[in-house]
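Atom set for the values below is all heavy atoms of this structure, side chains included, hydrogens, waters and symmetry mates excluded. Below, read A as the first sequence line, B as the second, and so on, with proteins coming before strands; counting in each chain starts at 1.
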Amino acid sequence: MLNLKFIQDNPELVIAKLKRKHFDAAGIVNQITELYRQKNQLQNKADQGKAEMNKISGEVGLLMRQGKKEEAEIAKTRTAEIKESIKQFDIDFAAIEEQVYQLQVQLPNLPADLVPDGRGAADNLVVKSGGEIPALPEKALPHWDLAAKYNIIDFELGVKLTGAGFPVYRGKGAQLQRALINFFLAEASKAGYEEIQPPLMVNEASGFGTGQLPDKEGQMYHATIDNLYLIPTAEVPVTNIYRDVILEARDLPMKNTAYSACFRREAGSYGKDVRGLNRLHQFDKVEIVQIAHPDKSYETLEDMVKHVTTLVEKLELPYRILRLCGGDMSFTSALTYDFEVFSAAQKMWLEVSSVSNFESFQANRLKLRYRDEATKKPQLAHTLNGSALALPRIVAALLENNQTAEGIKIPEVLVPYCGFEVIC
RNA sequence: GGUGAGGUGGGUGAGUGGCUAAAACCAGCAGUUUGCUAAACUGCCGUACGGGAAACUGUACCGCGGGUUCGAAUCCCGCCCUCACCGCCA
């Protein structure tokens with residue numbers, strides 16, 4: 001959520017920037033600035049009234065202690081009217097605050113200057129690519145057929161146990177999962193991220209803090225009896241560590257990594273690229289999160305992009321990095337880089353990571369601040385996160401790209417983690 | 001699931017109607033002293049929203065919401081959460 005004062009002070013800038021996200025903010029921004037004015041007027045009136053009440057109460061207390069009961073009674077008679085007017089001011093004030101808030105949450109984050117113009121996926125800018133797309137033999141199989149052939153992932157069994165989108169990994173398939181998780185965590189630790197093992201369920205306050213609630217409620221599994229939500233990403237619990245926290249500037253950046261299973265209902269996405277591992281209800285992911293000083297957050301973003309780049313390179317996967325255009329970015333992001341790997345049998349680019357700077361958009365909602373060293377005042381920090389990496393599509397690409405007549409070759413870097421070199 | 005206790009500032013914890021934004025201690029910050037470290041001493045040490053060029057100042061906040069009262073951290077009602085013990089159990 002954008003900062004209210006910032007909107008108030010820079011209405012034209014907000015409107016102009018949001019145009020690049022193809023969001024017409026003029027109406028909302030104008031309403032906000034008008035309501036803000038009204039809000040301040042009301043607050044002034046209410047505060048004056050309350051100050052008067054406090055004064056009278058003080059006087060009454062003094063008179064009572066002096067035993068001047070009659071004078072105290074006289075003072076009391078003055079309060080009824082003031083009290084009534086305060087009550088009304090407070091009601092109006094709360095109503096306006098609520099209106100402002102409802103408008104405020106409708107505004108997406110402002111895109112950074114680097115964000116390319118464009119409406120959709122076709123307009124994203126490829127900023128880097130690497131690796132080589134392998135030339136597969138004629139009879140190359142898609143990963144779901146390879147999974148069955150080598151008996152490493154059982155989609156049917158998952159349907160029996162739970163439902164579609166909950167595959168069962170077995171044998172070397174399960175070991176490969178574990179190897180990838182350990183590899184990703186080890187790399188993150190090496191890069192200075194503190195490892196976190198978070199809860200896989202969160203409460204409402206956490207869901208709200210990172211913006212899944214109230215708007216995207218339908219995307220999370222909800223255990224209604226206990227009112228807990230299964231996390232769609234470790235970003236939720238890890239970022240919420242810093243909810244309502246004021247950090248010292250010298251402690252920034254905070255760097256955390258976490259492996260977690262991720263649960264997504266994916267309501268409404270049925271039928272689109274859902275075969276095999278392409279889109280699941282439960283999947284594994286290692287996430288990296290940083291809390292950065294506002295002056296440093298774009299350096300931090302570059303740093304995170306580099307980290308993810310080394311991962312796909314070490315896995316020897318053909319990849320490309322996209323800088324998302326205004327129309328394709330998420331509501332909350334200021335700048336996002338998507339990582340895609342090429343899955344050679346499907347002949348498709350698959351998104352395996354999304355690394356974003358949210359600037360203070362998330363922090364404002366989380367009340368995540370740091371103490372400015374010069375002014376000693378709390379300021380909103382910047383939050384960033386990225387996948388490093390999401391497993392299923394990595395596995396899909398690994399299986400498809402590395403298939404040979406002798407079996408599936410494991411990338412060298414993973415062999416120590418797997419304990420085998422080939423799946424056959 | 002049963003029973004009991006409790007939610008106060010970064011932490012411990014005092015406060016049961018006005019003199020309490022809230023004692024005391026610890027941590028933290030600045031300084032004095034000291035050959036260094038340490039210790040001792042002195043001062044500072046909440047957040048948000050308003051007003052003000054600023055100094056400064058108004059209001060709100062003691063889990064959340066409501067109520068009683070001239071006045072509520074303190075009394076009443078509802079909700080949420082935490083802890084302890086017992087039972088069950090990985």
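Nucleic acid contact for A:K376: none, since no nucleic acid atom lies under 4.0 Å from a heavy atom of the residue. Among the protein residues, A:K5 comes within range of the sugar-phosphate backbone only, with heavy atoms under 4.0 Å from sugar or phosphate atoms but none that close to a base.
Each of A:I246 and A:T79 has a nearest nucleotide on RNA chain B; the 5'-most of these lies closest to A:I246. Each of A:D226 and A:N3 was matched to the nucleotide of RNA chain B holding its nearest heavy atom; the match closer to the 5' end belongs to A:N3.
By the 4.0 Å N-to-carboxylate-O rule, A:K314 lies close enough to A:E187 to be salt-bridged with it. Using a 4.0 Å cut-off between a side-chain N of Lys or Arg and a carboxylate O of Asp or Glu, A:E59 and A:R78 qualify as a salt bridge. Salt bridge annotation for A:R119-A:D328: absent, with no cationic side-chain nitrogen under 4.0 angstrom from a carboxylate oxygen. Between A:E34 and A:R37 a salt bridge is recorded (basic side-chain N to carboxylate O distance below 4.0 Å). Here A:R279 pairs with A:E266 in a salt bridge; the nearest charged N to carboxylate O distance falls below 4.0 Å. With respect to the salt-bridge test (charged N to carboxylate O, under 4.0 angstrom), the residues A:D24 and A:K19 do not qualify.
When Watson-Crick and G-U wobble pairs are counted only if both distances are under 3.5 Å, B:C70 pairs with B:G18. Figure legend. B:C36 is base-paired to no nucleotide; pairs are counted as Watson-Crick or G-U wobble with both atom distances under 3.5 Å. Across all strands shown, B:A84 forms a Watson-Crick or G-U wobble pair with B:U3, both key distances being under 3.5 Å. B:G31 is paired with B:C41 under the criterion used here, namely a Watson-Crick or G-U wobble arrangement in which both key atom distances are under 3.5 Å. Remark: B:C79 base-pairs with B:G63. Criterion, Watson-Crick or G-U wobble with two distances under 3.5 Å. Taking a pair to require two hydrogen-bonding distances under 3.5 Å in either a Watson-Crick or a G-U wobble arrangement, B:C49 pairs with B:G58.
Residue A:K83 has a polar side-chain atom (N or O) positioned under 4.0 Å from OP1 or OP2 of B:G71. A:R369 has a side-chain polar atom (N or O) that falls below the 4.0 Å cut-off from OP1 or OP2 of B:A48. For A:R371, a side-chain nitrogen or oxygen approaches OP1 or OP2 of B:U47 to under 4.0 Å.
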So which protein N/O to nucleotides 53-58 of chain B N/O distances come out below 3.5 Å?
residue	atom	partner	partner atom	Å
B:G58	N2	A:Q43	NE2	3.3
B:G58	N2	A:D47	OD2	3.1

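Comparing B:U59 with B:G43, their C1' atoms are spaced 28 Å from each other, to the whole Å. Nucleotides B:G46 and B:G11 are separated by 14 Å at their P atoms, to the nearest Å. Remark: the separation of the P atoms in B:A54 and B:C44 is 24 Å, to the nearest Å. Nucleotides B:C88 and B:G15, compared at atom P, are 39 Å apart to the nearest Å. Going from the P atom of B:C80 to that of B:C64 covers 15 Å, rounded to whole Å. Across B:G13 and B:G17, the matching P atoms stand 23 Å from one another, rounded to whole Å. Straight-line distance between the C1' atoms of B:U12 and B:U69: roughly 34 Å, to the nearest whole Å. B:G65 and B:C70 have their P atoms separated by 23 Å, with the value rounded to a whole Å.
Rounded to whole Å, the distance from CG on A:L380 to C1' on B:U47 is 13 Å. Taking atom NZ of residue A:K377 and atom P of nucleotide B:C45, one finds them 11 Å apart after rounding to whole Å. Protein atom CD of A:E97 is 8 Å distant from nucleotide atom C1' of B:C49, rounded to whole Å. Distance CD1 (A:I86) to C1' (B:C70): 11 Å, rounded to an integer number of Å. For the pair A:E204 CD and B:C79 P, the computed distance is 17 Å after rounding to whole Å. Taking atom CG of A:N40 as the reference point, atom P of B:G51 lies 5 Å away to the nearest angstrom. Rounding to whole angstrom units, CZ of residue A:F89 and C1' of B:C49 are separated by 17 Å. In this entry the distance linking NZ of A:K87 with P of B:C70 reads 12 Å, nearest Å.
Applying the ring-ring contact (aromatic ring centres under 6.0 Å, His included) test to residues at least two apart or on different chains, the pairs with a partner in residues 146-169 of chain A are A:F166-A:H281. The stretch residues 174-211 of chain A participates, sequence neighbours left out, in these ring-ring contact (aromatic ring centres under 6.0 Å, His included) pairs: A:F183-A:Y417, A:Y193-A:H307.
Note on ring orientation: taking the six-membered ring where Trp is involved, the planes of A:H293 and A:Y370 are tilted (angle from 30° to 60°).
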